[in-house]
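Everything on this sheet refers to the single structure shown next.
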2 protein chains.
Amino acid sequence: MPKKVKPEDRRIQRTRQSLQTALSELIVEKGYEKVTVQDVIDRANVGRSTFYAHFESLDQLLLSGFEPLRMQFEDFLSGTTFDIESPWALSLAMFQQVQKQKGGYITLTHIQKFLHGYLLDHLKQGLPKRNKNIPPELLAHYVASTFIALMTWWIDNNYPIPAEKMNEIYRQLVEPGTMAIMMGA
Amino acid sequence: MPKKVKPEDRRIQRTRQSLQTALSELIVEKGYEKVTVQDVIDRANVGRSTFYAHFESLDQLLLSGFEPLRMQFEDFLSGTTFDIESPWALSLAMFQQVQKQKGGYITLTHIQKFLHGYLLDHLKQGLPKRNKNIPPELLAHYVASTFIALMTWWIDNNYPIPAEKMNEIYRQLVEPGTMAIMMGA
DNA sequence: TATGTTTCTGAACACCATGTTCGGTTATAC
DNA sequence: GTATAACCGAACATGGTGTTCAGAAACATA
């Protein structure tokens, strides 16, 4: 299990940074499935025991790279009331955050489950409880999935479209179908 | 005169069947990630070498369970011209197929990538090449993703809604957004 | 610059999963 | 009934995981 560490020590920062970028590079080269702990610590020039002092597993290390995105999400949720208009502001913020960190979000596919669950939890609270014959959980699942779908495509295709336009497209695709349902509640 | 098809050796059928159901059960019990080859062959009462004589890996075995779905997809594509109306007939057929095999499609999440690629290839051909500022590949990606999203939810929640209604919902959600775009091509 | 503390090191270890091989044993098709 | 194929299972090589620990190195501080 990972030790508790004070983040101010330079060695800690360096170690974490090295491991993250090493993993990032290796994912591009071989794909996440084929990356081993040994690969990562060799590339990062970090001792084996050091790795396990910081992260429980490769998955943890991978997940740690998505902290900024998660924090942005948290910030948004704590600062806004969740109304019908605001979801698009959130999605825009996330498109922008990802674009800003170009290259940092290579493997959305592998944190899909995590991200999906995250979105889901908060979406459930904001969506109408009743509507014409579509279960609200299904609606939440749908909205989260569509967002991740577009984000995934966007990242995999190397950001060929600016964040703002992506968000507009997202809205164009998802809004018509969902609005009709949410209004008839 | 119908073609004479040599029926496969019973032992082969039995072995494959045993392995498939063993895997299926184990996934429910422990989750796919934690299932090992040893678990499967123990449960199925099959020799280790036999396993590898039939499947390259656990993934292969998992994938083999989705053959019916894949075949249905193929059948549909070879028998129909791909017009604006037909996608909903295909999705309905697949909802029905999955419902028929209840319990056989436990881990859609693990073949998502496979299924997605499959859908994508064929969707690309049927979608309009130009439309107002949304890349056709993105549109194809979107349609495939939404379908898988609904299917996943449906399976994970143990088929709480009949296939026909699921398809209706799918259509309600996806059609409004995509139609507007495809029409303005 | 000296000091006490924290982090890093790396080799050794136990453990477990993968995938292959092969001589011997069934079960099956015909 | 017989030839053939499929199955068995133990043994083996390979390689990844996660832990441990004593010593070396880097750090903050003063």
Side-chain angles (χ1 to χ4, degrees), chain A residues 1-65 67 107 110-111 114, chain B residues 1-65 67 107 110-111 114:
Chain A
M1 64 183 91
K3 266 186 221 164
K4 202 184 169 189
V5 282
K6 288 186 228 163
E8 57 252 31
D9 197 313
R10 283 180 202 160
R11 290 171 290 182
I12 294 175
Q13 315 253 15
R14 262 194 359 181
T15 299
R16 292 201 140 106
Q17 180 59 42
S18 302
L19 288 171
Q20 277 176 353
T21 61
L23 176 58
S24 201
E25 287 172 18
L26 286 162
I27 287 171
V28 174
E29 291 170 25
K30 329 168 60 178
Y32 180 69
E33 320 293 350
K34 297 192 177 175
V35 178
T36 72
V37 173
Q38 196 62 50
D39 292 334
V40 175
I41 64 182
D42 285 350
R43 174 73 59 103
N45 267 307
V46 159
R48 186 170 191 74
S49 48
T50 306
F51 175 92
Y52 285 105
H54 286 271
F55 302 99
E56 278 185 356
S57 61
L58 270 188
D59 289 292
Q60 283 294 112
L61 172 55
L62 180 62
L63 222 49
S64 74
E67 266 304 290
T107 42
H110 292 96
I111 67 141
F114 168 81
Chain B
M1 197 98 176
K3 214 182 193 176
K4 246 189 183 175
V5 180
K6 197 177 179 180
E8 287 218 337
D9 196 311
R10 281 181 203 159
R11 290 171 290 181
I12 295 176
Q13 303 193 8
R14 265 198 4 215
T15 299
R16 293 199 134 103
Q17 181 60 42
S18 301
L19 289 170
Q20 277 175 352
T21 61
L23 176 59
S24 201
E25 288 171 19
L26 285 162
I27 286 172
V28 174
E29 291 170 25
K30 327 169 62 176
Y32 180 68
E33 320 294 349
K34 297 191 177 175
V35 177
T36 72
V37 173
Q38 196 61 50
D39 291 335
V40 175
I41 63 181
D42 285 350
R43 174 74 59 102
N45 267 307
V46 159
R48 186 168 192 72
S49 49
T50 306
F51 175 92
Y52 286 104
H54 285 272
F55 302 99
E56 278 186 356
S57 61
L58 271 187
D59 289 293
Q60 282 295 111
L61 172 55
L62 179 61
L63 220 50
S64 75
E67 266 303 290
T107 43
H110 291 96
I111 67 140
F114 169 81

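In what follows, every heavy atom counts, from backbone to side chain, and hydrogens, waters and symmetry copies are set aside. On a predicted model such as this, the values are computed, not experimentally measured, just so you know. Here is the naming used below: chain letters follow the sequence lines, and residue numbers restart at 1 for every chain.
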Exercise. Return the residues of residues 56-65 of chain B meeting this criterion: a heavy atom under 4.0 Å from some atom of DNA chain D. Order them by number, or give none.
Key: none
Self-check item: Positions of residues 25-44 of chain B (non-hydrogen atom under 4.0 Å from DNA chain D), listed by number
Solution: none
Please identify each residue that fulfils side-chain contact (heavy atoms from CB on, under 4.5 Å) with [X], with sequence neighbours left out.
{"X": "B:Glu33", "result": "B:His110"}
{"X": "B:Asp42", "result": "B:Gln38"}
{"X": "A:Ser49", "result": "none"}

For [X], side chain to side chain donor-acceptor pair (under 3.5 Å) partners two or more places apart:
{"X": "A:Arg11", "answer": "A:Asp9"}
{"X": "A:Glu25", "answer": "A:Arg43"}
{"X": "B:Ser57", "answer": "none"}

Quiz item: Could you give the angle between the helix axes at the two ends of the helix from C:dT1-D:dA30 to C:dC30-D:dG1, with five pairs per end, rounded to 10 degrees?
Solution: 50°
Quiz item: Does any pair with a residue in residues 45-55 of chain A pass salt bridge (charged side-chain N to carboxylate O under 4.0 Å, His left out), and if so which ones, sequence neighbours excluded?
Solution: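 Listed once each, the pairs would be none.
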Exercise. Return no unless some side-chain N or O of B:Tyr52 is found under 4.0 Å from OP1 or OP2 of C:dG19.
Key: yes
Exercise. Over all heavy atoms of both residues, which pair between B:Leu61 and B:Leu19 is shortest? Give the atoms and the distance, please.
Key: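 Where B:Leu61 meets B:Leu19 most closely, the heavy atoms are CD2-O, 3.8 Å.
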Self-check item: Under 4.0 Å protein heavy-atom contacts per nucleotide of nucleotides 6-14 of chain D, with B for base, S for backbone only and - for none
Solution: BSBB-----
Quiz item: Got a sec, which pairs hit ring-ring contact (aromatic ring centres under 6.0 Å, His included) with one end in residues 41-61 of chain B, sequence neighbours left out?
Solution: none
